[in-house]
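These numbers come from the heavy atoms of this one structure, side chains and all, not from hydrogens, waters or symmetry mates.
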Amino acid sequence: MFDRIEELCDRYEELMRRLQEPETASDGELLQRLMKEQSELSPIVETYRSYRQSISDQKDALALLEEESDPDIRALAKEELAAAKESEEELSGQLKILLLPKDPNDEKNVVVEIRAGAGGDEAALFASDLYRMYAHYAEGRGWKIDMISANENGIGGFKEVVFMIIGRGAYSRMKYESGVHRVQRIPETESGGRIHTSTATVAVMPEAEEVDVVIDPNDYHFDVFRATGHGGQCVNTTDSAVRLTHHPTGIVISCQDEKSQLKNKEKALKVLRARLFDLEQQKQHDAQAAERRSQVGTGDRSEKIRTYNFPQGRVSDHRIKLTTHRLDEILNGDLDEVIDALLAADQAAKLANLSQDQAS
């Protein structure tokens with residue numbers, strides 16, 4: 001591990017030198033690429049420097065214990081030695097995590113699709129709750145929400161809603177949300193006070209650039225129609241809404257959020273690229289039979305991942321057996337506790353797999 005880290009440190013120093021060269025400053029594209037690489041290496045280099053400092057602190061403390069006979073100084077040296085050993089262990093764990101293979105999609109924006117499942121209108125209302133939860137979460141992290149399409153049920157719920165979350169690292173945290181979300185609560189229309197169970201499915205896909213997915217224009221066509229629902233003066237007056245049909249896969253995407261037909265077409269193509277990219281990734285994962293499944297689930301859209309229980313004010317994530325009684329805060333977008341736990345479980349699983357591979 002440390003040979004690899006030393007190589008990365010050498011590369012970091014080389015990048016720092018190149019970033020100071022006039023030739024680099026005059027080449028905008030090169031400058032951006034080198035700065036990105038330097039930024040990615042910086043956490044590893046800084047953590048390793050702290051790790052080496054903890055080793056040095058241990059040597060100093062041991063030397064002090066050998067040289068000094070004064071009880072007070074020896075007691076202080078023992079405290080410093082214990083603290084340095086603890087720091088070494090903690091930093092070693094951090095380095096292992098930092099060296100885990102990175103998901104190349106982690107820094108990307110995401111396309112999120114939420115669909116009402118079992119439960120009729122109650123499921124549609126729950127889908128709307130999930131949309132607001134993610135919107136508040138994105139807002140809290142300084143990310144932007146860009147609506148693509150919404151199919152409302154007339155009472156404030158969504159039969160389906162598709163939107164983008166635009167922000168650095170969006171996929172790295174949102175990718176754990178794919179799957180079936182279940183709600184248990186008493187609907188407002190329920191006179192007998194019975195608890196109903198409803199579901200909604202969430203699909204989170206990294207945004208795919210044109211270089212990631214090349215789409216043949218002959219493989220799809222657009223239909224245009226007049227937008228319906230809320231939307232301002234252009235609704236029901238111009239054919240601004242679009243429906244994209246991709247012939248090879250049968251994927252159909254509707255987009256009517258923008259007043260401009262061209263912008264709606266651009267958004268629909270973004271969603272198509274994301275879906276095709278996601279399909280290709282699923283094929284690759286399935287083909288790698290030896291690849292172990294993460295403890296946080298496979299990302300299968302049919303996998304039940306979380307339950308929101310209103311009578312008990314409880315949220316349970318079934319993949320990592322996490323239960324918290326902070327239902328209101330979580331539905332208001334305070335998702336970090338859950339996502340941090342999922343991220344930690346994912347890292348632990350990858351570290352365990354790595355240890356097994358190294359042992360074998």
CG (Asn109) and CE (Met164) are apart, to the nearest 0.5 Å, by 5.0 Å
Quick check: do Thr197 and Val183 have side-chain heavy atoms less than 4.5 Å from each other? no
Enter the distance from Ser198:OG to Asp121:CG here, rounded to the nearest 0.5 Å. 9.5 Å
Under a 4.0 Å N-O cut-off, is there an ion pair linking Glu68 with Arg74? no
So, Asp346 versus Tyr176: side-chain donor-acceptor pair below 3.5 Å or not? yes
From Thr324 atom OG1 to Asp317 atom CG, the distance as rounded to the nearest 0.5 Å: 11.0 Å
Regarding Asn309 and Gln184, is there a side-chain donor-to-acceptor distance under 3.5 Å anywhere? yes
Check: Leu279 and Ile251 side chains under 4.5 Å, non-hydrogen atoms: yes
Is it the case that His221 and His247 place a side-chain donor and acceptor less than 3.5 Å from each other? yes
Should Asn151 and Phe158 be marked as a side-chain contact (heavy atoms from CB on, under 4.5 Å) after you check the CA-CA gap, both sets of side-chain angles, and the distance that decides it? CA-CA 6 Å; Asn151 183 3; Phe158 289 126; over 6 Å; no
Close side-chain approach of Gln94 and Leu91, heavy atoms under 4.5 Å: yes
Glu14 atom CD, neighbour heavy-atom count above 12 within 6.0 Å: yes
May I have the step-by-step check of side-chain hydrogen bond (donor to acceptor under 3.5 Å, both in side chains) for Arg18 and Thr24, ending in yes or no? CA-CA 7 Å; Arg18 291 193 64 186; Thr24 302; 4.9 Å; no
Under 3.5 Å donor-acceptor, Asn332 side chain and Asp328 backbone: yes
Show your reasoning for whether salt bridge (Lys or Arg N to Asp or Glu O under 4.0 Å) applies to Lys36 and Glu40. CA-CA 6 Å; Lys36 183 176 184 293; Glu40 291 171 350; 2.6 Å; yes
Indicate the atoms forming the closest heavy-atom contact of Ile114 with Ala200, along with that distance. CG2-CB, 4.5 Å
Do Met35 and Leu19 have side chains that get closer than 4.5 Å, going by heavy atoms? yes
Any chain of hydrophobic side-chain contacts (each under 4.5 Å) joining Leu99 to Ile55? yes
Short side-chain to backbone donor-acceptor contact, Lys267 and Met147, under 3.5 Å: yes
I'd like to know if the side chain of Thr201 pairs up with that of Arg115 as donor and acceptor (distance under 3.5 Å, no hydrogens or angles considered). no
Do you see a donor-acceptor pair shorter than 3.5 Å between the side chains of Arg173 and Tyr137? yes
For Ser316 and His318, indicate whether the former's side chain and the latter's backbone hold a donor-acceptor pair under 3.5 Å. no
How close do Ser254 and Ser149 get, heavy atom to heavy atom, and via which atoms? O-CB, 3.1 Å
Report the C-alpha separation of Leu41 and Leu15 in whole Å, then their side-chain angles, then the decisive distance to 0.1 Å, and conclude whether the side-chain contact (heavy atoms from CB on, under 4.5 Å) test is met. CA-CA 10 Å; Leu41 289 178; Leu15 289 169; 3.8 Å; yes
Under 3.5 Å, is there a donor on one side chain and an acceptor on the other for Tyr171 and Glu207? no
Spell out, as yes or no, whether a donor-acceptor pair under 3.5 Å connects the side chain of Asn264 to the backbone of Ser240. yes
For the pair Phe222 and Arg243, evaluate side-chain contact (heavy atoms from CB on, under 4.5 Å) and give the outcome as yes or no after the intermediate values. CA-CA 6 Å; Phe222 282 105; Arg243 183 182 298 107; over 6 Å; no
Consider only side-chain N and O atoms of Tyr308 and His181, and report whether a donor and an acceptor are under 3.5 Å apart. yes
Under-4.0 Å salt bridge between Glu113 and Arg275: yes
Just checking, is any N or O donor in the side chain of Arg52 or Ser54 under 3.5 Å from an acceptor N or O on the other one? no
Side-chain contact test, heavy atoms from C-beta onward, threshold under 4.5 Å: evaluate it for Phe310 versus Leu331 and give yes or no. yes
Would Asp129 and Arg132 count as a salt bridge (Lys or Arg N to Asp or Glu O under 4.0 Å) here? Give the steps. CA-CA 5 Å; Asp129 291 337; Arg132 284 192 292 272; 2.6 Å; yes
Going through the checks in order, is the salt bridge (Lys or Arg N to Asp or Glu O under 4.0 Å) test met by Lys263 and Glu266? CA-CA 5 Å; Lys263 288 184 178 179; Glu266 289 173 352; over 6 Å; no
Looking at every heavy atom in both Pro43 and Leu98, which two are closest together, and how far apart are they? O-CD1, 3.7 Å
Look up atom CD1 in Ile186 and atom CD1 in Ile195, then write down how far apart they are to the nearest 0.5 Å. 5.5 Å
Would you say CZ of Arg168 has more than 12 non-hydrogen atoms from neighbouring residues, nucleotides or ligands within 6.0 angstrom? no
Check whether any side-chain heavy atom of Leu327 lies under 4.5 Å from a side-chain heavy atom of Arg314, and answer yes or no. no
Gap separating the CD atom of Glu337 from the CG atom of Leu322, nearest 0.5 angstrom: 6.0 Å
Do the side chain of Ser26 and the main chain of Glu23 share a donor and acceptor less than 3.5 angstrom apart? yes
Nearest heavy-atom neighbours spanning Pro248 and Asp219: CD-O, 3.3 Å
Whether the side chain of Arg185 engages the backbone of Pro311 through a donor-acceptor N/O pair (distance < 3.5 Å, no angle test) should be reported. no
What closest approach, in Å, do Ala123 and Thr199 show between heavy atoms, and which atom pair accounts for it? CB-O, 3.5 Å
Does a donor on one side chain sit under 3.5 Å from an acceptor on the other, for Ser42 and Glu46? yes
I'd like to know if Lys108 and Glu209 make a salt bridge, using a cut-off of under 4.0 Å between side-chain N and carboxylate O. no
Between Glu79 and Leu76, is any pair of side-chain heavy atoms under 4.5 Å apart? yes
Between atom CD of Glu122 and atom CD1 of Ile155, what is the distance when rounded to the nearest 0.5 Å? 8.5 Å
Test side-chain contact (heavy atoms from CB on, under 4.5 Å) applied to Leu64 and Asp60, step by step: CA-CA 6 Å; Leu64 201 59; Asp60 292 343; over 6 Å; no
Leu95 and Tyr48: which non-hydrogen atoms are nearest, and at how many Å? CD2-N, 3.9 Å
Parallel under 30°, tilted from 30 to 60°, perpendicular over 60°: which one fits the rings of Phe163 and Tyr131? perpendicular
Would one find more than 12 heavy atoms of other residues, nucleotides or ligands at under 6.0 Å from atom NZ of Lys102? yes
Taking the side chain as everything from C-beta on, heavy atoms only, tell me whether His246 gets closer than 4.5 Å to Ile253. no
Pair Arg11-Glu13, salt bridge (Lys or Arg N to Asp or Glu O under 4.0 Å): steps then yes or no: CA-CA 5 Å; Arg11 175 59 179 167; Glu13 294 299 330; over 6 Å; no
